[in-house]
There are 2 protein chains.
Amino acid sequence: MVAMSNRAEQESSSGEATRLKIMDAAESLIIQHGFAATSLRAIANAADVNLAATHYHFGSKQGLLAAVFHRRMRPVGIARLGALSELEAGSEPLTVDAILKAFFVPFYDAEGSELLTILPGLVARIYAEPATLTQPILEEEFSEVASRFVAALLKACPGVPEQEMRWRFHFMVGSMIQFLKFHTPIGVADRDNEFRVGLDKLVAFTVAGIEQLGAIE
Amino acid sequence: MVAMSNRAEQESSSGEATRLKIMDAAESLIIQHGFAATSLRAIANAADVNLAATHYHFGSKQGLLAAVFHRRMRPVGIARLGALSELEAGSEPLTVDAILKAFFVPFYDAEGSELLTILPGLVARIYAEPATLTQPILEEEFSEVASRFVAALLKACPGVPEQEMRWRFHFMVGSMIQFLKFHTPIGVADRDNEFRVGLDKLVAFTVAGIEQLGAIE
DNA sequence: GTCTATATTGGGATAGAC
DNA sequence: GTCTATCCCAATATAGAC
């Protein structure tokens, strides 16, 4: 056992370093070309590691996919639930606007960070891949979040039935995905302001759709 | 040259028959698993034709993809533009509700037909595939439609800037895609009524988002 | 933990007989 | 126009040296 003193905070061992390099490369390539069209060879090449390392660390291509998605999605879910809890702990009654901003909080937080070049494209990809691939991931990382937010929206919109709100939430997610896909032409970190502008427009659109104030009801 | 009298109305020659069989099989498999994950071998097998026939008729896998998408997307665009023109030829002023129903008209029309098991999934797939694959198809089949509908929506919503309306149209498309994806668990033609219900809810959501009557502006 | 080398399978595309 | 057979390459995965 040799001493591993340096950079021990970031990675616990040297093996973790290549593991991260593989995930970073896989993430980027999957965002660009999709899962099926991305080969382990291309990933290993981009990560500058050996092909066999991908199997050693992740067991299979599917295992790598799951790891790549979970790494980003878990913090996203935690941030969303945290923002919602903070909101619910306050004294004022909940508004749809505030709830949706809590739902989009991972993207607001990503402004100015390198995450802005990754998170939108990756989230859009989860919904783009065939359901058989990503359903388990969504199930684990998203179902609780969706339930909590639908419940909060129901409180903010008295009179709207639960099934109806599930539909509206569903449409809202679709708008979000479309936005995230559009605003991720791969790379480009200088468009932070533009991203923020689009995010605010997304909030306005989805708030109106969920409240439907102009409708008959 | 043997006489080819039978079924000459449907297909002009025997070659057209296998061509159609290939496209039908490819369409179904691409909807289920995506383009990259669908092999020409699987397509030829499902279509009960020889592998070489796929290359003979479409030149390459990409060529087959383009043919599959164009076959469905061209009528969709024509139906949308026709419905909009009919609307604009009327005497009453345009409403957002009527314009969006014209935009969704291919899906309203698909009710009760076998198209309902295909069209939603296929449209959703176009947006799910990597942009490099489908951008040319969207460019050719959708750009004019989008321009015409955005122009109509601008007339129906005085005071909304064009750039703003493009954003809202974009979000609207996202909601539509999400709906089409959700309501296509492959097969199942008995849920026509349910589909219609969801479609109406989609209209209500997107009308509210595009009008944004409750907002400050 | 990391590499080389390779097993094994399946992919798209084509040549040439019929 | 359609088939058989095949080329050639890329894919995932693994065994075994270091």
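On a predicted model such as this, the values are computed, not experimentally measured, just so you know. Chain letters run A, B, ... following the sequence lines, proteins first and then strands; every chain starts at 1.
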Rounding to a whole Å, what distance do you find between [X]:[atom1] and [N]:[atom2]?
X: F58(B); N: dG1(D); atom1: CZ; atom2: P; result: 12 Å
X: I43(A); N: dA10(D); atom1: CD1; atom2: C1'; result: 14 Å
X: L20(B); N: dG1(D); atom1: CG; atom2: C1'; result: 15 Å
X: H33(A); N: dA11(D); atom1: NE2; atom2: C1'; result: 17 Å
X: L64(B); N: dG11(C); atom1: CG; atom2: P; result: 15 Å
X: N45(A); N: dC3(C); atom1: CG; atom2: P; result: 13 Å

Sequence neighbours left out, what pairs pass salt bridge (Lys or Arg N to Asp or Glu O under 4.0 Å) with at least one residue falling in residues 24-34 of chain B?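 Found D24(B)-R71(B), E27(B)-R71(B), E27(B)-R72(B).
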Inter- and intrachain pairs under salt bridge (Lys or Arg N to Asp or Glu O under 4.0 Å), touching residues 130-145 of chain A, at least two apart: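 Passing the test, one end in residues 130-145 of chain A: R74(A)-E141(A).
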Show me the donor-acceptor pairs, under 3.5 Å and distance only, between side chains in residues 77-86 of chain B and residues at least two apart or in other chains.
residue, atom, partner, partner atom, Å
R80(B), NE, F103(B), O, 2.7
S85(B), OG, L81(B), O, 3.0
S85(B), OG, R148(B), NH2, 3.2

Closest to side chain of N50(B), choosing from dT4(D), dT2(C), dT2(D):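 From the listed options, dT4(D) comes nearest.
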Under-4.0 Å side-chain N/O to phosphate OP1/OP2 contact, T18(B) with dT2(D):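 Checking T18(B) against dT2(D): at least one side-chain N or O falls below 4.0 Å of OP1 or OP2.
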Respond yes when some side-chain nitrogen or oxygen of H57(B) is under 4.0 Å from OP1 or OP2 of dG1(D), and no when none is.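 False: H57(B) side-chain N/O out of range (4.0 Å or more) of dG1(D) OP1/OP2.
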Just to verify, what does F35(B) make a ring pair (Phe, Tyr, Trp, His ring centres under 6.0 Å) with, not counting sequence neighbours?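 Counting only residues at least two positions away or on another chain, F35(B) forms no ring pair (Phe, Tyr, Trp, His ring centres under 6.0 Å).
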Excluding sequence neighbours, so at least two apart, what forms ring pair (Phe, Tyr, Trp, His ring centres under 6.0 Å) with H170(B)?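 Result, ring pair (Phe, Tyr, Trp, His ring centres under 6.0 Å) vs H170(B): F182(A).
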Under a 4.0 Å heavy-atom criterion, the protein footprint on nucleotides 12-18 of chain C, written with B, S and -, is BBB----
From the options F195(B), F205(B), F104(B), select the one residue that forms a ring-ring contact (aromatic ring centres under 6.0 Å, His included) with F179(B).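 The passing option is F195(B).
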